[in-house]
Asks: 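Below is one structure. I have some questions about it.
Here the structure is a predicted model, which means the values were calculated and not measured. So you know, we letter chains A, B, ... as the sequences are listed, proteins then strands, and number each from 1.
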Amino acid sequence: QKEVEQNSGPLSVPEGAIASLNCTYSDRGSQSFFWYRQYSGKSPELIMFIYSNGDKEDGRFTAQLNKASQYVSLLIRDSQPSDSATYLCAVNPPGNQFYFGTGTSLTVIP
Amino acid sequence: DVKVTQSSRYLVKRTGEKVFLECVQDMDHENMFWYRQDPGLGLRLIYFSYDVKMKEKGDIPEGYSVSREKKERFSLILESASTNQTSMYLCASSPSGTGFYEQYFGPGTRLTVT
């Protein structure tokens, strides 16, 4: 079983819509969760991270954690064409390791 | 701005060669990381370092070693390159006290082993 799993997509949403991306994690003891964005041909960049104690909102982005079901979601409100990228979920489980999912490709259609 | 640079954007090596991938950061970060990124497998942690001369194994250290002689520089070494090490290699760094939390990535080195 992979540590972090994501639906590879592609996910397409119209401009202005809400994009919803999800990932599941296997280690129930995980307490830190991250979302990175990676544009085609570029390196990943951190969008936001959350701890197990709550959700987080930053501008148009909201990260939510469902500990009981072991999944993390990223909502992008008012999606823009510039949001078109691959979104990587990552988890820092106990034991000093770091695992990325394979990413979900998002396309925002103008 | 944090800047993480990698010595080469593209590299072609032959099987059995010793390969050095260099990473330098200019923000006095304590922590440095090496990943490889492959289609369908995503980013996987190879090695990381919390301090000079310290190293920790990541998820896939086999076939690799690292060196950190200076704080700003972290080298990944392929002792005897093999074709299954053809990949995109990404270096990252993060500030002291943040561990994995605020990683800044370099542009990557696409290594092809023939």
Side-chain angles (χ1 to χ4, degrees), chain A residues 1-10 21-27 29-53 56 58 63 65 72 74 85-106, chain B residues 1-10 21 23-25 27 29-51 54-62 87-95 97-110:
Chain A
Q1 183 184 7
K2 290 185 178 180
E3 296 286 339
V4 183
E5 299 213 47
Q6 293 182 256
N7 186 328
S8 62
L21 303 119
N22 299 308
C23 85
T24 58
Y25 60 94
S26 62
D27 192 324
S30 300
Q31 304 221 17
S32 307
F33 309 89
F34 306 80
W35 284 100
Y36 281 78
R37 176 177 60 202
Q38 187 172 25
Y39 292 113
S40 180
K42 301 293 185 182
S43 299
E45 55 180 334
L46 181 65
I47 300 174
M48 56 196 310
F49 61 86
I50 58 171
Y51 300 107
S52 60
N53 59 352
K56 188 174 181 179
D58 184 2
L65 172 64
V72 189
L74 179 70
T86 296
Y87 289 81
L88 307 173
C89 175
V91 174
N92 180 202
N96 210 23
Q97 286 291 330
F98 200 74
Y99 297 102
F100 280 90
T102 53
T104 298
S105 174
L106 172 67
Chain B
D1 274 355
V2 175
K3 190 147 188 195
V4 180
T5 57
Q6 296 183 229
S7 51
S8 305
R9 193 76 174 96
Y10 299 94
L21 302 181
C23 175
V24 178
Q25 49 89 9
M27 286 302 293
H29 283 178
E30 293 283 345
N31 311 303
M32 297 188 75
F33 311 86
W34 274 108
Y35 294 87
R36 61 179 284 178
Q37 186 171 28
D38 302 285
L41 296 175
L43 274 154
R44 293 177 291 167
L45 182 62
I46 305 171
Y47 267 98
F48 57 102
S49 169
Y50 284 142
D51 202 351
M54 293 185 69
K55 61 183 179 184
E56 298 277 351
K57 292 181 180 179
D59 195 31
I60 52 161
E62 297 80 16
S87 186
M88 172 66 85
Y89 288 87
L90 289 158
C91 174
S93 71
S94 70
T98 66
F100 291 104
Y101 284 19
E102 293 182 36
Q103 294 182 62
Y104 297 87
F105 283 84
T109 295
R110 185 166 293 282

Asks: Just list the side-chain donor-acceptor pairs under 3.5 Å for residues 35-42 of chain B, sequence neighbours left out, or say none.
Replies:
residue	atom	partner	partner atom	Å
B:Tyr35	OH	B:Gln103	OE1	2.7
B:Tyr35	OH	B:Gln103	NE2	3.2
B:Arg36	NE	B:Asp38	OD2	2.8
B:Arg36	NE	B:Ser87	OG	3.4
B:Arg36	NH1	B:Tyr64	OH	2.9
B:Arg36	NH1	B:Asn84	O	3.1
B:Arg36	NH2	B:Asp38	OD1	3.2
B:Arg36	NH2	B:Asp38	OD2	3.3
B:Arg36	NH2	B:Asn84	O	3.0
B:Arg36	NH2	B:Thr86	O	3.4
B:Gln37	OE1	A:Gln38	NE2	3.0
B:Gln37	NE2	A:Gln38	OE1	2.9
B:Asp38	OD1	B:Ser87	OG	2.8
B:Asp38	OD2	B:Arg44	NH2	3.0
B:Asp38	OD2	B:Ser87	OG	3.4

Asks: If you take all heavy atoms of A:Ser43 and B:Pro107, which pair is closest and at what distance?
Replies: OG-CA, 3.3 Å
Asks: Can you say whether the rings of B:Tyr101 and A:Tyr51 are parallel (under 30°), tilted (30 to 60°) or perpendicular (over 60°)?
Replies: tilted
Asks: Look at the rings of B:Phe100 and A:Phe98 and say which category their plane angle falls in: under 30° parallel, 30 to 60° tilted, over 60° perpendicular.
Replies: parallel
Asks: How about NZ on B:Lys57, more than 12 heavy atoms from neighbouring residues, nucleotides or ligands closer than 6.0 Å, or not?
Replies: no
Asks: Among residues at least two apart in sequence or on other chains, which ones pass side chain to side chain donor-acceptor pair (under 3.5 Å) with B:Glu30?
Replies: B:Lys71
Asks: Determine yes or no for a side-chain-to-main-chain donor-acceptor pair under 3.5 angstrom, with A:Gln97 supplying the side chain and B:Leu45 the backbone.
Replies: no
